[in-house]
Amino acid sequence: MSTVSEADVVSAVNKELFIGGKWAPAAGNATFDVHDPATGEVLCAVADASPQDGIAALEAATAAQADWAAHPPRERGEILRRAYEKLMERQDELGLLMTLEMGKPLAEAKGEIAYAAEFFRWFAEEAVRIDGGYAVAPNGSGRFLVTNQPVGPSLLITPWNFPMAMGTRKIGPAVAAGCTMVIKPAAQTPLSMLALAGILAEAGLPDGVLNVVTTTQAGGVMEPMIRDGRARKLSFTGSTGVGRKLLEQCAGTVMRTSMELGGNAPFLVFEDADLDAAVDGAMQAKMRNIGEACTAANRFYVHSSVADEFSRKLTERMEGLPIGRGTEDGVVVGPLIDTAAIDKVSELVADAAQRGATVLTGGGTVDGPGNFYQPTVLTGVPREARMTSEEIFGPVAPISTFETEDEAIAATNDTEYGLVGYVYTQNLTRALRVSERMETGMVGLNQGVVSNPAAPFGGVKQSGLGREGGTVGIDEFLETKYIAVGGL
Ligand code: NAP
């Protein structure tokens, strides 16, 4: 149990809109309720922004852009660094707040606060490394000057599954690059972002640089901002379906986009893998965030000669996991986000079972209040089962077997998604060959977690456009300008 009170962490958050450095109610004082997914109880109400509130936030971001772009990079970095320190100082309270609104176990929520804070530390360092160039033109007459400038006011949209880290992964590079922004967190988890806005203001972020709009009308509020023409960038993390719709809207103003979309990660275990390490990696890749992660292993392909042993060991680990409210000591499996998530997972498991898969453990919901689903392992999952092509977003591990590397690669790449894939093998040449043949933006090679603020995160195919984090993360918020210099 945490020593910080649940009521205190919720009441400490300002529940209004944050526009131009001021907290203000939504038009007509509209609010909506935020729920605890472990109990279904209402935690509090927050401001429910209208489309006009969204435009007011965009106006504040636009008005602040020129001054902010002129701010010394070192100062921009130091604001991020102070915010990093403050996040870490308040890791316990912020972790509890996240568990209350999202459900993940407290240890994981605190881990996310540290992960989120690291994006600020990383981009604090990157703010002063925006480079340029000076070169002699090929014909010797004239010079090329190249500089990188902030892209301009940016619109940021984040999902509920990592309420803090998906925000700092965008805010960090935008602040470092000198962009102002309007951020819209998911309606299910607005509290972490509102708390973060308070921290950035305390850290010295000037008024209008960050504006936060919470709303139940995601499309109604965002579309007018996208079509307005003053925003120059949209950075979105969420489902591929919504991403496609936003890309269409952005075409109207030829707005630059970064898209971090859905995943359908394959997890390959070859006959020469260290099976215990593979099971450890499988537990991380599957169970991190209760399976509600874009990077979650969604399909396990295991060589037939080791499939029984791998399935048995994975089942033993999954069976023993404590389920419960994320605030309780020792809980590893918290609730799913809502009843729709439970219905989807239940449907996918029923579909696989009906097509011939065997349920080794789990396979059902947990009685009582809250949205709990049992950790589940399925074997003999056929290719036509829906869960091999759709994101499960829950604690369910479907296992299929393969005979040859080519067969494993064909199954791996048979998807519109391409975010991440995992490979377990001790054969070095196979490890590199399979990593290269996987149509994904990232590979976990003998490793079940790939996320790291210092590495470029992102997908190919319909998993997205652009990269977040790493040395390239800031480029998403910069425009390259070339100045042709004559007279030399
Ligand atoms: P989602 O339904 O696409 O929502 C994501 C965000 O978009 C939320 O803030 C949502 O607001 C907003 N939104 C929904 N419809 C919109 C519209 N028409 N216009 C503008 N904004 C709109 O996704 P989710 O269910 O929250 O998140 C899970 C998905 O995110 C999964 O597919 C997962 O793989 C993906 N994800 C990807 C990454 C990555 O880095 N690639 C990371 C995390 C999650 P409301 O929620 O308030 O409606």
Should [X] and [Y] count as side-chain neighbours, where that means a heavy-atom distance under 4.5 Å?
X	Y	result
Glu6	Leu43	no
Gln374	Thr361	no
Pro25	Thr31	no
Cys250	Ile226	yes
Trp23	Val212	no
Pro395	Met287	yes
Leu275	Val269	yes
Phe393	Lys344	no

For the pair [X] and [Y], find out whether any cationic side-chain nitrogen is under 4.0 Å from an anionic carboxylate oxygen.
X	Y	result
Glu118	Arg121	yes
Glu479	Arg256	yes
Arg467	Asp475	no
Glu125	Arg129	no

Consider only side-chain N and O atoms of [X] and [Y], and report whether a donor and an acceptor are under 3.5 Å apart.
X	Y	value
Thr99	Lys110	no
Asp343	Ser346	no
Thr240	Gln462	no
Thr480	Asn148	yes

Can a donor-acceptor pair be found, under 3.5 Å and without considering hydrogens, that links the side chain of [X] to the backbone of [Y]?
X	Y	answer
Asn371	Ala341	no
Asn211	Gly20	yes
Thr180	Ala61	yes

(request) State which residue, out of Ile199, Val175, Leu87, fulfils the side chain to side chain contact (heavy atoms under 4.5 Å, CB included) condition with Phe120. (result) Leu87
(message) For Leu419 versus Gly263, what's the shortest heavy-atom pair and its separation?
(response) CB-CA, 4.2 Å
What residue pairs, at least two apart or across chains, pass salt bridge (Lys or Arg N to Asp or Glu O under 4.0 Å) with a residue in [range]?
range	result
residues 199-212	Lys86-Glu202, Arg90-Glu202
residues 451-466	Glu439-Lys461
residues 12-35	none
residues 98-109	Lys104-Glu112

(request) Indicate the ring-plane relationship of His71 and Trp68, choosing parallel, tilted or perpendicular according to the 30° and 60° boundaries. (result) tilted
(message) Would Thr237 and Lys170 count as a side-chain hydrogen bond (donor to acceptor under 3.5 Å, both in side chains) here? Give the steps.
(response) CA-CA 9 Å; Thr237 299; Lys170 298 181 189 307; 2.7 Å; yes
(request) For Tyr424, enumerate each residue passing the ring-ring contact (aromatic ring centres under 6.0 Å, His included) test, keeping only those at least two apart in sequence or located in another chain. (result)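 Tyr424: ring-ring contact (aromatic ring centres under 6.0 Å, His included) contacts with Phe267.
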(message) Suppose we screen for ring-ring contact (aromatic ring centres under 6.0 Å, His included). Which residues come up paired with Phe162, at least two apart in sequence or across chains?
(response) none
